[in-house]
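Heads up: the structure comes next, in structure tokens.
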Amino acid sequence: MTSRIKIDPISRIEGHLRIDAEVDGGLVSKAWASCTMWRGIENILIGRDPREAWLFAQRFCGVCTTVHALASVRAVEDALKLQIPPNAQYIRNLILILHALHDHIVHFYHLSALDWIDVMQIPKADPVKTASLAQSLSSWTRNSPQEFKSAQDKVKALAASGQLGIFANGYWGHPAMHLPPEVNLLGFTHYLQALEFQRKSNQVVAILGGKTPHIQNLTVGGVANAIDLDSLGTLTMDRLAMIRSLIDEVIPFVHEVYFPDVCAIAGMYPEWFDVGCGARNYLAVPDLPNGSGFDLPGGVIFSGDLSAARKFETAADPDFRRAVTEDSTRAWYKGGALHPWKGKTQPDYTDFQDNGKYTWVKAPRYDGRPMEVGPLANVLVGYAQGHPLTRKWTDEAIARVSAVAKGKVTVDKLESTMGRYAARAIRSAMLADLAVKHCELLTNNILNGDVATHNPPQFPKGEVEGVGTHEAPRGTLSHWVVVRDGKLANYQAVVPTTWNASPRDSQGQVGPYEASLLRNPVADPERPLELLRTVHSFDPCMACACHTFDADGREIAQVKVL
Amino acid sequence: MRRVLIAGIGNVLLGDDGVGPFVIKVLESQYDFAESVELADLGTPGLDLPVYFSAADAVILIDSAKFGGDAGDTRMFRKDEIVCTPPRTRIDPHSPALRESISLVELTGAMPRDLLLIGVEGRGFEPGSPLSPPVRQSIPRVIDAVRRELHRLDTWCEPKAGAGIPAVWWDPICEQRKERECACYTSD
């Protein structure tokens, strides 16, 4: 029997991603990823002053504000061939790192952990056993029986009240959930603790950026932070020390809680290293410039062949500049495959057509190929190049997962649903190390007497093109600008979720979500938990958030027997 | 002194969805507030919202809402009315996260005691469009509601002497007629 599952959280203007899957004999045989909201937001920028574009770009998406702001100023700087001072580089890097840590922590604990953790099993857990299990995994100081007991009491109180509130819609008791009660309690307790560390990461961004969620300190040519070690209201040694102490609080949560939790849970769901392999082509751009190179490596991998990985030497490699196109054949736009500098955003809406147009997301391609972006691409590209920090944390993750799974999990198994979770934890562990490094780079540079933060831009007559890249929490982000006589003549943002949620193209090649859903098991089409696990593994984020409070709730998964 | 957070929520590039941040700009430019009152334009924070809740004793949110009214209608929701419908399964971090954020902060025990959502029914959500006329006209009513709630919370805001122009840099109408904006939105 074939059935069709539609997961569609939208009503009018909210929610953005719809997944359709045909399930045949308990496995997905066809899948479609669709963005249900028009993304013509870049058109707002045409004709504007390139120096203010980042303010608008920062509003594309409410969760990824800083990443768009940064890609925007980098695009204009690239067009002007404008270098920025080291202090500006380090301040930007620290904002990026802390934003990414915040984002990855939220993704794991608050957006996806409950796909794996069965909250309704928590009352059965023994807090003392949970504590001894937790203490065997990590030296985290808040793994005491009292902490676990207190978290368990919260769940018991909710269950007793009959008002499950936040947990009312989970797929509890689903056959694909099989953690022991103690592991469910462990993960849930850290879910509650995570909020505090989210806040601390955010404080660092607020100190450096002036405000959150919309930072105020960027400018084309650098940052607007004034550095004066003797004056209040500027970046002083006291503030740098405060930043350092916040970083020192966030790091243990990443290294001693998030990373070991993901490794342990992954080891208990080893079958999910065999599900959800996607497009098998990977793209990451180098990021975190450190004066002599980049602390996050970039490059491309095709067909999962790590031995033939190609490395990018610069933030916008000549190959990258040349190879990217966006294909609108199956998307609700006019035009075929165009380079982003020539890109157009002209709507051509039909209804949802399985064999025609079915989404507002264009299909980005790299030399004609669909590419997966995100932490998995980031980790595989680094691993293939022998990047020491990537190797260190990947090898550590693999050893931990293998120990729990009681069987060897190899690097190639990272190309999977669970591999994406593991890669995000690996990347976070790396970023936690790099937070310290970049805080020290900034402090030492200032102590050496350099207080420069900005090089003023000069706009030439005529036309210049630029691309600003950033390896964002969800993967490679690029903003493409054409500046004519000091005004924006074109603006295209190719965002990570566009790469991953890409539809089919003129060649009929499916996008990464669609590829990863093929052969996913579905035990119960009415409760498609397995599909959510795979889609969530990419950390979807449709870049044009529109948030409206909806007074009604509504079920989102619909199933139709074909 | 009770710490009050007044936060506008919504995407400023999508027409009426930006009413919350718009009101924040009007409040900032035209009113003085007690020291313990903080104003914030939070955009569309999704599940980042809890980060901003935990430092406050009371929260006033202004957001575009869908409750079946006419464009520009306003409606107040208290915390219990918001959380009475369970949050839905989410696919992406943007799906409205208000219920979920409140429930999450409540679980950690850090939830502000008072929470009021002032919802404004929107009409147009086209990228780059200004607030629609009925939503613009609702702003004095929204501001009155904010002032009443501040009063109820034993704190205050008062019209500023020499009120400035709201810095609504994203709104095409405000950009064109900066000088007229000032007069348009004062409640009273």
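Below, chain A is the first sequence line, B the second, and so on; all start at residue 1.
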How far apart are the C-alpha atoms of B:Leu107 and A:Phe167, what are their side-chain angles, what is the distance that settles it, and do they pass the side chain to side chain contact (heavy atoms under 4.5 Å, CB included) test? CA-CA 11 Å; B:Leu107 266 182; A:Phe167 304 127; 3.6 Å; yes
Between B:Asp41 and A:Arg59 (salt bridge meaning N to carboxylate O under 4.0 Å), is one present in this structure? yes
Assess whether side chain to side chain contact (heavy atoms under 4.5 Å, CB included) is satisfied between B:Leu47 and A:Gln198, documenting all intermediate values. CA-CA 11 Å; B:Leu47 268 186; A:Gln198 233 179 298; 5.9 Å; no
Side chain, backbone, both or neither of [X] within contact of chain B (heavy atoms, under 4.5 Å):
{"X": "A:His107", "value": "neither"}
{"X": "A:Phe197", "value": "neither"}
{"X": "A:Thr212", "value": "both"}
{"X": "A:Leu45", "value": "neither"}
{"X": "A:Leu195", "value": "side chain"}

If you count the non-hydrogen atoms of other residues, nucleotides and ligands that lie under 6.0 Å from CZ in A:Arg48, is the total more than 12?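 For A:Arg48, atom CZ is crowded (more than 12 foreign heavy atoms under 6.0 Å).
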If you count the non-hydrogen atoms of other residues, nucleotides and ligands that lie under 6.0 Å from CZ in A:Arg51, is the total more than 12? no
Atom pair [atom1] ([X]) and [atom2] ([Y]), whose distance is rounded to the nearest 0.5 Å:
{"X": "B:Thr44", "Y": "A:Phe60", "atom1": "OG1", "atom2": "CZ", "result": "12.5 Å"}
{"X": "A:Leu111", "Y": "B:Glu100", "atom1": "CG", "atom2": "CD", "result": "7.5 Å"}
{"X": "A:His110", "Y": "B:Asp48", "atom1": "NE2", "atom2": "CG", "result": "10.5 Å"}
{"X": "B:Leu42", "Y": "A:Thr65", "atom1": "CG", "atom2": "OG1", "result": "11.0 Å"}
{"X": "B:Tyr52", "Y": "A:Arg199", "atom1": "OH", "atom2": "CZ", "result": "12.0 Å"}

For the student: nearest non-hydrogen atoms of B:Trp170 and A:Phe56, plus distance: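 Taking every non-hydrogen atom into account, CA-CE2, 4.1 Å.
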